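A short worksheet on the structure shown next.
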Amino acid sequence: QVQLVESGGGLVQTGGSLRLSCAASGRTFSRYAMGWFRQVPGKERTFVAAITSSSTRTYYADSVKGRFTISRDNAKNTVYLQMNSLKPEDTAVYYCAASQSAYSTSSLYPYWGQGTQVTVSS
């Protein structure tokens, strides 16, 4: 198993940047693919980005492609989401998740963090 804790959320103006971090416990972090998802109240959790266990491949939702970058540091048991050119529609609770493969479907991720709020003001 792996426990996940997100950090780095906050309030930022349109066009600004934030970097989210997700720290994992346990010695098996490097075996897991990692994903970032987001959710607004009353809506389903949606895919943002994913990265394979060895960082060989990354995947992005069309809505964030070119603005967000997912990366990981297996030595630090941490995955990051660098968010640039933020828009009000990026406002959501952001969750990191771990799975065997870099899926874009939330139901295929068995391990989740508690989430961190990102608010982009217009």
Side-chain angles (χ1 to χ4, degrees):
Q1 288 193 358
V2 60
Q3 286 77 46
L4 305 172
V5 179
E6 301 95 336
S7 62
L11 175 64
V12 64
Q13 291 185 336
T14 297
S17 298
L18 282 175
R19 189 177 81 154
L20 305 183
S21 298
C22 174
S25 64
R27 294 178 290 179
T28 59
F29 174 75
S30 62
R31 300 179 186 177
Y32 290 97
M34 299 296 296
W36 285 97
F37 291 77
R38 63 189 182 187
Q39 188 171 25
V40 298
K43 294 192 175 181
E44 293 185 354
R45 198 167 293 187
T46 59
F47 172 73
V48 175
I51 187 168
T52 55
S53 59
S54 57
S55 302
T56 52
R57 299 199 68 171
T58 57
Y59 305 89
Y60 296 94
D62 288 343
S63 59
V64 307
K65 207 170 289 183
R67 300 188 297 123
F68 290 11
T69 302
I70 188 171
S71 62
R72 66 189 295 162
D73 185 338
N74 285 346
K76 296 183 178 180
N77 280 12
T78 302
V79 62
Y80 305 97
L81 185 68
Q82 177 67 45
M83 306 186 295
N84 298 329
S85 302
L86 283 161
K87 305 175 182 180
E89 51 263 44
D90 295 317
T91 296
V93 177
Y94 283 72
Y95 298 88
C96 69
S99 185
Q100 295 303 310
S101 293
Y103 303 111
S104 61
T105 303
S106 60
S107 61
L108 297 177
Y109 285 80
Y111 306 111
W112 290 86
Q114 83 290 347
T116 186
Q117 176 71 46
V118 171
T119 303
V120 184
S121 63
S122 57

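This is a predicted model, so every value here is computed, not measured.
Taking each heavy atom of Tyr94 and Leu20 in turn, the nearest pair found is CB-CD1, 3.5 Å. Smallest separation of non-hydrogen atoms from Ser71 and Val79: O-CG2, 3.1 Å. Between Ala33 and Ser101, the closest heavy-atom pair is CB-C, 3.3 Å. Residue Val5 comes nearest to Gln114 through the heavy atom pair CA-OE1, 3.7 Å, listed as atom of the first residue, atom of the second, then distance. Residues Ser99 and Leu108 approach most closely at OG-O, 2.7 Å, considering heavy atoms.
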*Passes side-chain contact (heavy atoms from CB on, under 4.5 Å), Trp112 versus Ser106? Steps please.*
CA-CA 10 Å; Trp112 290 86; Ser106 60; 3.8 Å; yes
*I would like to know whether Val93 and Arg45 meet side-chain contact (heavy atoms from CB on, under 4.5 Å); could you show each step before the answer?*
CA-CA 9 Å; Val93 177; Arg45 198 167 293 187; over 6 Å; no
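Grouping the Ile, Leu, Val, Met, Phe, Trp and Tyr side chains by contacts below 4.5 angstrom, directly or via other members, places Tyr103 apart from Met34. Following chains of ILVMFWY side-chain contacts shorter than 4.5 Å, one can reach Trp36 starting from Phe29, so the two form part of one hydrophobic cluster. Linking Ile, Leu, Val, Met, Phe, Trp and Tyr residues whenever their side-chain heavy atoms come within less than 4.5 Å leaves Phe68 and Phe47 in two separate clusters. Leu18 and Tyr95 fall into different hydrophobic clusters, where Ile, Leu, Val, Met, Phe, Trp and Tyr side chains are chained together by heavy-atom contacts under 4.5 Å. Residue Leu4 is grouped with residue Val48 when hydrophobic side chains (ILVMFWY) are merged at heavy-atom distances under 4.5 angstrom, including chains of intermediate members.
Of the inter-residue distances, the one linking Ile70 atom CD1 with Tyr59 atom OH reads 11.5 Å to the nearest 0.5 angstrom. Interatomic distance, CD of Gln100 versus OG1 of Thr52, reported as 13.0 Å (0.5 Å rounding).
Sorted by first and then second residue, the pairs that involve residues 74-90 and meet side-chain hydrogen bond (donor to acceptor under 3.5 Å, both in side chains), not counting sequence neighbours, are Ser17-Asn84, Arg38-Asp90, Arg67-Asp90, Arg72-Asn74, Gln82-Asn84.
Between the side chain of Glu6 and the main chain of Gly115, a donor-acceptor pair closer than 3.5 Å is present. Thr116 places a side-chain N or O within donor-acceptor distance of the main-chain N or O of Gly9, the cut-off being under 3.5 Å.
Ring centroid separation for the pair Phe37 and Tyr109 comes in under the 6.0 Å cut-off.
Side-chain contact between Arg19 and Leu81 is absent, with no heavy atoms from C-beta onward closer than 4.5 Å. Taking 4.5 Å as the limit, some side-chain heavy atom of Ser121 sits within range of a side-chain heavy atom of Leu11.
Ser7 is linked by a side chain to side chain contact (heavy atoms under 4.5 Å, CB included) to Ser21, counting only residues two or more places apart in sequence or in another chain. Partners of Val40 according to the side chain to side chain contact (heavy atoms under 4.5 Å, CB included) rule, which considers only residues two or more places apart in sequence or in another chain, are Lys43, Ala92.
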